[in-house]
Amino acid sequence: MPEQMSRKCVSMVLDNQARPQSAAGRTELIEQLLDIGAALSSSSDLGELLNLILSKSREITCSDAGSVYLVDSSDGYPKLLFKVAQNASRPNVSFREFAIPLTRQSLAGYVALTGESLNLSDAYALPSGVPYQLDRSFDRDIDYHTRSVLVLPMQNRQGEIVGVVQLINRKVAPDVAVTAENVRELTQPYSEWEERIVRSLASQAAISIERNQLQENIKQLFEGFVKASVQVIEARDPCTSGHSERVAALTVRLCEEINSATAGPLGAVNFSDRQMQEIRYAAMLHDFGKVGVPEAILVKEKKLYPSQLEVIRHRFALVRRTLELECAQAKLRYWLEHPAHRPDASDSGCPCQAQMEQLDAGLQKTVEELDYYWNLLVEANEPSILAEKPLAKIKELCRYTYRDVDGQTKPLISSGEMAQLMVLKGTLTDEERSAIESHVTHTYEFLKRIPWTKDLQDIPEIAYGHHEKLDGTGYPRQLHQSEIPVQTQVITIADIYDALTAGDRPYKRGLPVREALDILRQEAASHKINPEFLELFERRQVFSVLGHTLEVELSGGVG
């Protein structure tokens, strides 16, 4: 498309009487226009693109100065944004971006609203009756004089005006400097040929600007998608709120430090801007697969689920009430079966009273034992590691049964509940841990379904391996170092560090920085994580991006 547009411009030039007469001049112009088209097509930065549009338009028309405006209606109030300005005779003058009302009173506003070009031989001597006028404050501010002006609309393929190119003071020679005193001698009006060719270039520029803005919109759309995805994760697992953003911040900072390292093995590793964006998105989305894990498992704080503990509490209460009822029934039977033992008001120490006391004592002992086991069960339900003796006591509950309201005999603690209570570390059974670990595969399956651009196509694979270990003991694929992308190795360090130091998880306290680093060093020594990356992480204090320091550490976590 850019080359076709440039050839169209050339055709217009060669059809015009003011065209270059020599064959060499025509060839040079063709090559120049094709180069402009290629440059506009390859530029992805909006500021760079606008400066390129203006500089090439000035170059081909020998203009001393110029500016570019873009139409902006983002807030519902149409206006022109003064984006770029250039002035060869005032190269040291700086220009800042600002907005002006989109009205016919300004030169740029008139062209933007009507789509007509303005070719003014003297902007200080405008025809009477025109609605527009030159804003002379620019000239006063920089001690300049605007004379010949060419203002052209930039129209996209739909005929919409996206901006305006304004060229100022067409010079008689490229290398002269224009001043307020020599402006009449060194400048001249713009020709019809220049107006036609620059208008075509402006249309080509509009397409490039539209493409650039579309790319920016896509980036913003995807950025919004990523943030929304992170919110979905955190909504299902509030305990780890902020984890994904923190891991992304740590990852990006560590990658920046790796890029700045010039010595040792890290000198051969360098992440491009494209890779930095890719790894940031992968870090933010690395836990998205948690949406496929049952929420009860994600937020499980203790070995038993709250509903399970409540059911068990009711069983203990039912057993206690049953024991009390059975004791009362035993007293009644004894009373009815031994009338001779019934005491009168004057008796003391009679067999009946002794039997009642014996039954009460037996009940009291059984209830105390039941309370002991309940307290032991509550203690075992915590994620902390229990000693061998309490664990053995908990196993004794397997032998206890009770009679339910339907008369059936059932275990006081089921085999499944006992398996959960016997978890030696943390709160998860093997089955529940497998469900948690499956989030990695869920993440990969979700991410690979997205039609990534070429620049971001490695995101699924980078995120997939964040729980792999360099020695092959990780999950889910037991990859070894050579099989794990270096980007993933960076994310792994950030992920482990944040998991260790985060103080927002109710089932564990956040570790101080030094303790977290000690654990990471142990992982590196065991060839679990990359030791070079970790050494840089610690030496450059990458964790400071989260506000963590080695000097100031708060109890129960890090500040």
Side-chain angles (χ1 to χ4, degrees), residues 9 12 49-51 53-58 60-61 63-87 95-142 144-170 178 183 187-210 213:
C9 294
M12 290 181 177
L49 177 62
L50 296 179
N51 272 293
I53 291 168
L54 184 56
S55 63
K56 294 301 182 181
S57 297
R58 287 179 50 235
I60 207 167
T61 59
S63 296
D64 188 52
S67 54
V68 176
Y69 297 82
L70 293 184
V71 176
D72 178 42
S73 303
S74 57
D75 59 359
Y77 299 94
K79 54 185 174 294
L80 282 176
L81 298 180
F82 182 83
K83 299 290 291 186
V84 173
Q86 298 172 1
N87 191 311
F95 298 91
R96 60 179 179 82
E97 180 179 322
F98 63 89
I100 63 173
L102 184 55
T103 69
R104 297 190 177 208
Q105 295 179 349
S106 66
L107 303 183
Y110 179 84
V111 171
L113 287 171
T114 64
E116 300 175 10
S117 300
L118 288 181
N119 191 339
L120 309 175
S121 58
D122 190 343
Y124 276 59
L126 297 176
S128 60
V130 296
Y132 48 81
Q133 59 183 353
L134 176 71
D135 183 356
R136 302 187 184 186
S137 63
F138 288 95
D139 286 358
R140 289 194 300 270
D141 292 342
I142 64 173
Y144 192 69
H145 186 96
T146 299
R147 189 169 183 238
S148 56
V149 178
L150 181 61
V151 192
L152 302 156
M154 294 190 292
Q155 290 179 291
N156 61 21
R157 285 168 290 189
Q158 289 74 42
E160 301 168 336
I161 297 175
V162 300
V164 172
V165 176
Q166 182 170 279
L167 301 176
I168 298 172
N169 286 342
R170 179 193 173 206
V178 177
V183 65
T187 63
Q188 57 187 326
Y190 289 91
S191 68
E192 181 184 350
W193 166 77
E194 288 164 325
E195 180 179 340
R196 291 179 66 187
I197 193 170
V198 176
R199 185 177 182 113
S200 295
L201 282 176
S203 295
Q204 182 180 350
I207 295 173
S208 297
I209 291 172
E210 186 180 42
Q213 291 175 333

Query raised in the report: Testing Leu120, Val183, Leu134 for side chain to side chain contact (heavy atoms under 4.5 Å, CB included) with Thr146, which one passes?
Result: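 Result: among Leu120, Val183, Leu134, Leu134 is the only option passing the side chain to side chain contact (heavy atoms under 4.5 Å, CB included) with Thr146.
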Query - Non-hydrogen side-chain atoms of Ile60 and Val198 separated by less than 4.5 Å - result: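 In short, these two side chains touch, coming nearer than 4.5 Å.
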Query raised in the report: With side chains defined as the heavy atoms from C-beta onward, is the minimum distance between Val151 and Val165 less than 4.5 Å?
Result: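 Answer no - side chains too far apart.
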Report task. Over 60° means perpendicular and under 30° means parallel, so classify the ring planes of Phe98 and Phe82, tilted if in between. Result ->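 Taking Phe98 first and then Phe82, their aromatic rings lie parallel (interplane angle under 30°).
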Name all residues meeting the side-chain hydrogen bond (donor to acceptor under 3.5 Å, both in side chains) criterion together with [X]; count only those two or more places apart in sequence or in a different chain, and write none if there are none.
X      : answer
Asn169 : Tyr144
Glu160 : Asn156
Lys79  : Asp72, Asp75
Thr61  : Ser63

Indicate every side-chain donor-acceptor pair of residues 105-113 with a distance under 3.5 Å to a residue at least two apart or in another chain.
residue: Ser106; atom: OG; partner: Gly109; partner atom: N; Å: 2.9
residue: Tyr110; atom: OH; partner: Glu116; partner atom: OE1; Å: 3.0

What is the minimum heavy-atom distance between [X] and [Y], and which atoms define it?
X      : Y      : result
Arg58  : Leu167 : CG-CD2, 3.9 Å
Leu70  : Met154 : CD2-CE, 4.1 Å
Leu54  : Gly66  : CD2-O, 3.4 Å
Ser117 : Leu152 : OG-CD2, 3.2 Å
Gly115 : Pro153 : O-CG, 3.4 Å

Measure the [atom1]-[atom2] distance between [X] and [Y] for me, rounded to the nearest 0.5 Å.
X      : Y      : atom1 : atom2 : answer
Arg170 : Arg147 : CZ    : CZ    : 12.0 Å
Ser67  : Phe95  : OG    : CZ    : 8.5 Å
Glu195 : Leu150 : CD    : CG    : 5.5 Å

Query raised in the report: Between the side chain of Gln86 and the main-chain N/O of Asn51, is any donor-acceptor distance below 3.5 Å?
Result: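 Such a contact is found between Gln86 side chain and Asn51 backbone.
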Query raised in the report: Where the side chain of Asn119 meets the backbone of Tyr190, is there a donor-acceptor pair that is under 3.5 Å apart?
Result: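 Yes: the side chain of Asn119 pairs with the backbone of Tyr190.
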Query raised in the report: Under the side chain to side chain contact (heavy atoms under 4.5 Å, CB included) criterion, do Asp64 and Asn87 qualify, and how do the steps go?
Result: CA-CA 6 Å; Asp64 188 52; Asn87 191 311; 3.7 Å; yes
Query - Stepwise side chain to side chain contact (heavy atoms under 4.5 Å, CB included) check, Tyr124 with Asp139 - result: CA-CA 11 Å; Tyr124 276 59; Asp139 286 358; 2.7 Å; yes
Report task. Could you pull out all residues at least two apart from Pro78 that satisfy side chain to side chain contact (heavy atoms under 4.5 Å, CB included)? Result ->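 Only Ser73, Leu102 meet the side chain to side chain contact (heavy atoms under 4.5 Å, CB included) criterion with Pro78.
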Report task. Could you give me the CA-CA distance, side-chain angles and deciding distance for Val164 and Val68, then say whether side chain to side chain contact (heavy atoms under 4.5 Å, CB included) is met? Result -> CA-CA 6 Å; Val164 172; Val68 176; over 6 Å; no
